[in-house]
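Notes to accompany the following structure.
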2 protein chains.
Amino acid sequence: MKIKKEVTIYDLAKELNYSPSTISRALNNHKSISKKTIKLIKEAAAGMGYRPNNLAAGLRNNKSNTIGVLISRINRPFMASLISGIEETARKAGYNVLISQSNDMYENEVSNCNALYDSRITGLIVSLSMETVDMAHFQKFIDQGIPIVFVDRVPDNFNSYKVVIDNYTAGYSATKHLIDQGCTRIAHFAGAQHRNIYEERKKGYLDALRESGLPIRDELIIHFKTLSFEEGNKATKKLLKMPEPPDGIFSANDTAAVSAIMCAKKMGVEVPQELAVIGFNDDPIASIMQPSLSTVSHPASKMGAISAKRILNHSGQNYDADLTEITVLGTEIIVRDSSLKRTRMLRSKTS
Amino acid sequence: MKIKKEVTIYDLAKELNYSPSTISRALNNHKSISKKTIKLIKEAAAGMGYRPNNLAAGLRNNKSNTIGVLISRINRPFMASLISGIEETARKAGYNVLISQSNDMYENEVSNCNALYDSRITGLIVSLSMETVDMAHFQKFIDQGIPIVFVDRVPDNFNSYKVVIDNYTAGYSATKHLIDQGCTRIAHFAGAQHRNIYEERKKGYLDALRESGLPIRDELIIHFKTLSFEEGNKATKKLLKMPEPPDGIFSANDTAAVSAIMCAKKMGVEVPQELAVIGFNDDPIASIMQPSLSTVSHPASKMGAISAKRILNHSGQNYDADLTEITVLGTEIIVRDSSLKRTRMLRSKTS
DNA sequence: TAAAGGTACGCAATCGATTCCGTTGATTAT
DNA sequence: ATAATCAACGGAATCGATTGCGTACCTTTA
């Protein structure tokens, strides 16, 4: 297979009897080039199949019009939506998106971080791995003035842009909702407590209980490692076998909540009558399963878009100037069947 | 914020009294550099915080150790898994992954294609948009010897690497399964017929009917545009209101299948007793919903991994040499509750 | 011991786009 | 009429890594 010679600005220069400088300026709409010349050059460029070489431009400018994304896993509904939001916003501004997943391992996060750095990305968007505690691998970006936006799973000992939801309020509201439904023994599926999103959700849970005068029972608070389906299954089985089982569960994610509901069904415990459940994330599954899962909705795609705008804004594009350092987005309690004790008679199509 | 000067191979050269050539060769383990020197240089590089500049290397080599991915949408379970598989494989080989989504629009596909080309990617992995018919925008990659791997939604008028599943057999088997369950009036939710994956699935459906001596009824074959939830809802409603409604549905994706089940429930039609349903993709939702959805499983992540290996292999890495031009992967019929008429009494926990 | 071979490195061009300084000719101001 | 201004463009260095060719020195062989 023969490889066609690529067309460069030098080829254009020779063809049109201009200098490469003029070609470059024309293609970038530089003001010191006449409109006529610009039009001429652009048409010739298109005609000859010229395509800019981002590597060359990037080398010269020491940046690549590329946003790097560093997350735990792509194939999770929240993450996929987040990336989608990032990509859409970046693309509109002419930026590319480099992705990498850590699989929640610190070591991978570090090496991916380096790989993205080596590509001279314009900015970095990060959702921390479960394991990450030390933040040293991010320092080199700061040293180079490369903006970092932490999303969702953010550090609290590192100063940078952050885009988060109000996890405390969300946790509080979710728990309050269960209390309003008449639950008095509410369990909590808590995530890893060194990730502050889970810490905040738990705090909200605790405060809601306190405020309502309900006792806090340690045996009803289960600390998960990954909030997986399997973990949820185990935890639920254990809870429901207790002499005084819980009558409600607030899970820090939907996956574990779903497993709880399915486990309860298997054990003959009726949801929501005997056990009300509310999850977190509003995964697609939540609205489809039976009973449909009450949950807290995350504006994932929007968070991605905002994060991307942060990067673009930082590079002086002033894309959306009224963004603050830390962006806190609101959440929404989505009430579905899995938590509806009180109004059950009115809407339940289950059982 | 002051920006630290980056360390280059020239800085290392000056510091260690070697030439830049030697530094470069040492860092790349070139054989003409002594082990001692390599060790010395690498240690100094690490100590001084040297980080390679991919842009410079890429410019020189005219490629960027980056795999470009061009898909319709990221936040679909299949696509997310596909990307995940690509990323994992690419990362292991030291490659980065650039993503872009077309949102199923031809125009976006073309411009994203150009953007990826401009970044001098090593190879391109594509799942075509619903709209795409003309393939001219891919030609420039071929002209430059840049490999393209089409995945899942592939063209049939363009010669390149392809990674697909056996859609015909899958469609045949899915339909046959419904027939085996005693269905005689089987409807088909068909995807856009200019995308051959949907064409093949339909062919399989038709042949299964023919082979079993069942009549083909055009009114039971619904052609969808996007196989969305809404479309599925409408189609199901229409079907179930027919004087002789179908007793089975083979849907070309899970989303529409789910909508069919939910619509049937609402209309008081029992699944699977009165209407057996089988979908396609094995989305996470399939195993969770009630009744659980029978479906055809796609090895999405594996398809991504294979596609990535194609690219790596093409660049002379000989990563996995026994891959053929077109890779056809098998599928699996996952039988769950939504299609189980015959053995219902034995396993159903529903109703 | 002289020729041959090998080891370990250096020189300088190269990749393509950008940009700081000019320069030229034309127009305007005084 | 002459200086000053300006529009429109060109020259050449620059970004950092790679690599073909060349060279100095050392070892081996006949």
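Model, not experiment: these values are computed from the prediction. Here is how names work: the chains are called A, B, and so on, in the same order as the sequence lines, proteins then strands, and each is numbered from 1.
With rounding to whole Å, A/H30 atom NE2 is found 12 Å from D/dA8 atom P. Between the C1' atom of C/dT19 and the CD1 atom of A/I23 lies a distance of 16 Å, rounded to the nearest Å. We find that CG of A/L55 is positioned 15 Å from C1' of C/dT18, with the value rounded to whole Å. Rounding to whole angstrom units, CD1 of residue B/I9 and C1' of C/dC11 are separated by 13 Å. One atom, CG of B/D118, and another, C1' of C/dA17, lie 13 Å apart when rounded to the nearest Å.
The side chain of A/S19 contributes no N or O atom lying less than 4.0 Å from OP1 or OP2 of D/dG11. Residue A/Y18 has no polar side-chain atom (N or O) positioned under 4.0 Å from OP1 or OP2 of D/dG10. The side chain of B/S24 places no N or O atom within less than 4.0 Å of a non-bridging phosphate oxygen (OP1 or OP2) of D/dT19. In this model, the phosphate group of C/dT19 is not approached by any side-chain N or O of A/S21 to a distance below 4.0 Å at OP1 or OP2. For B/Y50, a side-chain nitrogen or oxygen approaches OP1 or OP2 of D/dA17 to under 4.0 Å.
Between the side chains of A/N62 and A/Q144, not a single donor N or O lies within less than 3.5 Å of an accepting N or O. With no hydrogens or angles considered, a side-chain donor-acceptor pair links A/T22 and A/S19 at under 3.5 Å. With 3.5 Å as the limit, one finds no donor-acceptor pair spanning the side chains of B/N196 and B/R153. In this structure, a donor-acceptor pair under 3.5 Å is absent between the side chains of B/N96 and B/T66.
Within the nucleic acid shown, B/T8 comes within 4.0 Å of sugar-phosphate atoms alone, with no base atom in reach, counting heavy atoms only. Among the heavy atoms of the strands, none lies under 4.0 Å from A/N62. Residue A/N61 is in sugar-phosphate contact alone, with no base atom involved, counting any heavy-atom pair closer than 4.0 Å across all strands shown. Counting any heavy atom pair closer than 4.0 Å across all strands shown, A/N28 reaches sugar-phosphate atoms only and no base atom. Within the nucleic acid shown, B/D11 has no heavy atom closer than 4.0 Å to any nucleic acid atom.
Each of A/Y10 and A/L59 lies near DNA chain D, and the nucleotide nearest A/Y10 is the one positioned closer to the 5' end. Judged by closest nucleotide on DNA chain C, B/K31 is the one of B/A56 and B/K31 placed further toward the 5' end. Residue B/T22 is the one, among B/T22 and A/N54, whose nearest nucleotide of DNA chain C lies closer to the 5' end (criterion: closest heavy atom).
The minimum heavy-atom distance linking A/D104 with A/E131 is given by the pair O-CG, 3.3 Å. Here the closest non-hydrogen pair linking A/G145 and A/H314 is O-NE2, 3.5 Å.
Applying the 3.5 Å distance criterion, the base of C/dG10 shares a donor-acceptor pair with the side chain of B/R25. Between the side chain of B/R60 and the base of D/dG20 there is no donor-acceptor pair of N/O atoms closer than 3.5 Å.
The shortest distance between side-chain heavy atoms of A/I197 and A/V164 does not fall below 4.5 Å. A heavy-atom distance below 4.5 Å is found between the side chains of B/F150 and B/I148.
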Set out, line by line, the N/O atom pairs under 3.5 Å between protein and nucleotides 5-7 of chain C.
none

